[in-house]
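Whatever order the structure lists ligands and atoms in, that order sets their numbers, starting from 1. In this chain, residues are counted from 1 in sequence order.
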Amino acid sequence: MTPTDERRVVLTTGANSGIGLATVVELARRGFRSVGTVRSPAKARRVAEAAGAAGVTVETALLDVTDAEACAAVVARFRPWGLVNNAGFSVTGALEDIDDDEARRALETMVLAPVRLARLALPSMRDAGGGRIVNISSIYGLTTTPLTGWYQGCKHALEGLSDALRAEVASAGVKVVLVEPGGFRTGIWQEAQDDVAGRQGSRFGPAYRRLATGTRLAQPVMGSPSQVARVVARALRSPMPRARYLVGYDARTGAVLERVVPTAVKDVVKDRLTRVVLGL
Ligand SMILES: NC(=O)c1ccc[n+]([C@@H]2O[C@H](COP(=O)([O-])OP(=O)(O)OC[C@H]3O[C@@H](n4cnc5c(N)ncnc54)[C@H](OP(=O)(O)O)[C@@H]3O)[C@@H](O)[C@H]2O)c1
């Protein structure tokens, strides 16, 4: 840790639970001035409690990332050296079941907002001679499976945008990093179950019930979000961070299979699994 690290502000969105909460605490522990955004005072208290229990201080700011004016105000207030675009949510459902409004909300939160926040933060990063933008993507930014198409579409978009941005800002000393977790035990999985439970009358009903059961059974073997937080901290502290960090065995295996298996073979396997596992 160099003396300047202690003054470096890192702004993390969606800081009151899961990966975001683990990240703001981990970054404070590593000596950053860690600021987390939340959507209510009660959620800010949750962050303060977690930080207090870890013996660190985390500042909070109220922000719904889909509110462009609020994004500008928060970035102007903190002028972050580092930005961790973490806010996101589950969009679980067949593409036939998801209307434009639901899709738009996903795109606004997980695609438009991260790029907007980066755009807003870049002038002060350029002035400071450098900075870091860490975008929390997913193994679903590289692979696809049925029944989460819009979520995967958002993460695929974030991957492409991050790669373009990395090239655009490299000469300014700003590093753009993608963190691609596999499955980690957070609130997003309960959201996924609530999503499918709410899709009453869908022709995919039986598949949703099987998916919900699979999700419930998988949660105990998933890793802790603190694993992802440590990778985010590593990307922020490294002078030469990688462009991508896959986190978890499932993510690493999925990425290799995605690269080496031809699409035609993947389609056959997915078709078989979809019929047998989801009953479609
Ligand atoms: N958990 C995994 O297995 C996994 C795997 C790959 C990628 N990820 C990604 O990791 C990130 C964090 O998810 P998580 O798993 O930690 O889930 P989580 O525990 O549900 O946390 C999601 C966070 O995002 C916030 N958020 C959602 N919409 C927002 C909005 N419009 N404005 C501001 N904040 C908003 C939530 O705030 P509220 O409490 O106010 O809703 C919450 O703080 C997401 O981008 C997700 O796609 C997760």
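Look at G182 and you'll find a heavy atom under 4.0 Å from some atom of ligand 1. Heavy atoms of G183 approach ligand 1 to within less than 4.0 angstrom.
The heavy atom nearest to atom 42 (C) of ligand 1, considering only A87, S40, S17, is found in S17. Across V65, L158, D250, V84, heavy-atom proximity to atom 32 (N) of ligand 1 is greatest for V65.
The protein atom (non-hydrogen) at minimum distance from atom 28 (N) of ligand 1 is R39 NH2, 3.4 Å.
Across R132 and P241, no two heavy atoms sit closer than the pair NE-CG, 3.7 Å.
Residue contacts with ligand 1, taken as heavy atom pairs separated by less than 4.0 Å, do not involve E180 at all. At a 4.0 Å heavy-atom cut-off, ligand 1 touches K155 through the side chain alone. Proximity of L63 to ligand 1, defined as any heavy-atom pair under 4.0 Å, is confined to the backbone N, CA, C and O atoms.
Classification of K155 and E180 as a salt-bridged pair fails, no side-chain N sitting under 4.0 Å from a carboxylate O. Salt-bridge annotation for R29 and E26: present, with a side-chain N of the basic residue lying under 4.0 Å from a carboxylate O of the acidic one. No salt bridge links D267 with R272; every basic N to acidic carboxylate O contact stays at or beyond 4.0 Å.
The salt bridge (charged side-chain N to carboxylate O under 4.0 Å, His left out) search around K270 returns none, not counting sequence neighbours. Take R275 and apply the salt bridge (charged side-chain N to carboxylate O under 4.0 Å, His left out) test, not counting sequence neighbours, and it matches D271.
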